[in-house]
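Everything below concerns the one structure shown next.
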Amino acid sequence: MSKAGGPDGGLDLGLVVAGHGRHYVVETPEGERLICHPRGKKSDAVVGDRVRWMATSAGGDEGVIEHVEPRRNLLFRQDEWRTKAFAANLDQILVVVASDPVFSESQLARALVAAESAGIDARVLLNKADLPQIAAARERLKPYAGMGYSVVEVALKARNDEARAVLQPLLAGKATLVLGPSGAGKSTLINLLAPDAKAQVGEISQALNSGRHTTTTTQWYWLDGERTTALIDSPGFQEFGLRQIDAQQLPGLMPDLREHAKQCRFYNCTHRQEPGCGVRAALERGEINASRYRIYGEVLAELTQRR
Ligand SMILES: Nc1nc2c(ncn2[C@@H]2O[C@H](COP(=O)(O)OP(=O)(O)O)[C@@H](O)[C@H]2O)c(=O)[nH]1
Ligand SMILES: [Mg+2]
Ligand SMILES: [Zn+2]
């Protein structure tokens, strides 16, 4: 269904709703989905990208991506060896953690730093409020609420109606990337809010994913028929590298440290050993959580040990 005369030399606009390495699923403004291949060798489109494409088959169900429209933002992680994009053009990030299994605070903190760095709002969703371990998890998240993050507690499965009612207004009209460790409840969340999730994945993606237990590709799900609200599910990850960040920028991307860094004697204080450090003074007063300061030190060490 390719029509000529569009604003970009007759190319159609589309939204990348799934990526499988060398091919993408692109959704037309009318809501139809087709397989697209990138033009040339490099495939730099990611889920959430607006792209210009051209039909390559008579039926119009296959196409080629000619170019990617400018992005509003891009969430990615970068370790020593490679850069991995999560998704583009996001309104917010929802980091899902659960009372059980115990979550890694370092992974949570890193996801929030990456979001800050990309200029994307982030919230924390604490799931499995029905389990006895919830008290400990709630305690571990207190510093995050204290530094201004919205922390929302739900039981996605055990109290699903309540969870839906709490989440709908937080998600309405937005494109939200769902991040979080395996077992936290990401699939439960998507199935709760997008009951037709399986159908949205489509036959092609399902075939490519078949036989695998976990999500292997990033996938965009619409939650409403008007296509104004979306959740983006992404594959799990082991490491959340932040090599894209400058060591000097790091404290500014951690709201609790940022708050106290204003008091440091030296403008380029690393908050490790300098005299007159506002961050360490706040740590000693208990105004910065010890685990947050430890995570800062770990990430800082990574960023200053560049190859
Ligand atoms: N107790 C409890 N278990 C839940 C809740 N929500 C999800 N689960 C369970 O947690 C497990 C992992 O959920 P899943 O959505 O697959 O997590 P994902 O790996 O993040 O996609 C499943 O067995 C769910 O049934 C909840 O509210 N309470
Ligand atoms: Mg899952
Ligand atoms: Zn300092």
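Quick note: numbers below take in every heavy atom, side chains included, and nothing from hydrogens, waters or symmetry partners. This is a predicted model, so every value here is computed, not measured. First listed ligand is number 1; within each ligand, the first listed atom is number 1.
Side-chain contact check for Y293 and E298: no donor-acceptor pair (N or O, by modelled atom type) lies under 3.5 Å. Checked by atom type, the side-chain pair S291/E105 shows a donor-acceptor distance below 3.5 Å.
Polar contact check, G185 against ligand 1: a nitrogen or oxygen pair lies under 3.5 Å apart.
In this comparison of D100, T188, V96, the heavy atom closest to atom 7 (C) of ligand 1 sits on T188.
With side-chain heavy atoms closer than 4.5 Å counting as contact, directly or through intermediates, L131 stands alone and belongs to no larger hydrophobic cluster. Its side chain within the 4.5 Å cluster rule, L74 clusters with V46, F76 among the Ile, Leu, Val, Met, Phe, Trp and Tyr residues.
Every pair passing salt bridge (Lys or Arg N to Asp or Glu O under 4.0 Å) that includes a residue from residues 106-116 is listed here, sequence neighbours excluded: R110-E302, E116-R258.
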Please determine whether side chain to side chain contact (heavy atoms under 4.5 Å, CB included) holds for the pair L231 and L189, giving the CA-CA distance in whole Å, both sets of side-chain angles, and the decisive distance to 0.1 Å.
CA-CA 9 Å; L231 287 181; L189 170 72; 4.1 Å; yes
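At a cut-off of 2.8 Å, S187 coordinates the Mg ion (ligand 2) through an N, O or S atom.
Close approach of ligand 1 to D130 is summarised as follows: ligand atoms under 4.0 Å from at least one heavy atom of the residue are 1 (N), 2 (C), 26 (C), 27 (O), 28 (N). For ligand 1, the atoms lying closer than 4.0 Å to a non-hydrogen atom of L131 are 1 (N).
By the 6.0 Å contact criterion, CZ on R285 is enclosed, its count of non-hydrogen atoms from other residues, nucleotides or ligands being greater than 12.
By the criterion of a separation under 2.8 Å, the protein N/O/S atoms near the Zn ion (ligand 3) amount to C264 SG, C269 SG, H271 ND1, C277 SG.
Counting heavy atoms under 4.0 Å from ligand 1, residue P181 touches it through the backbone alone.
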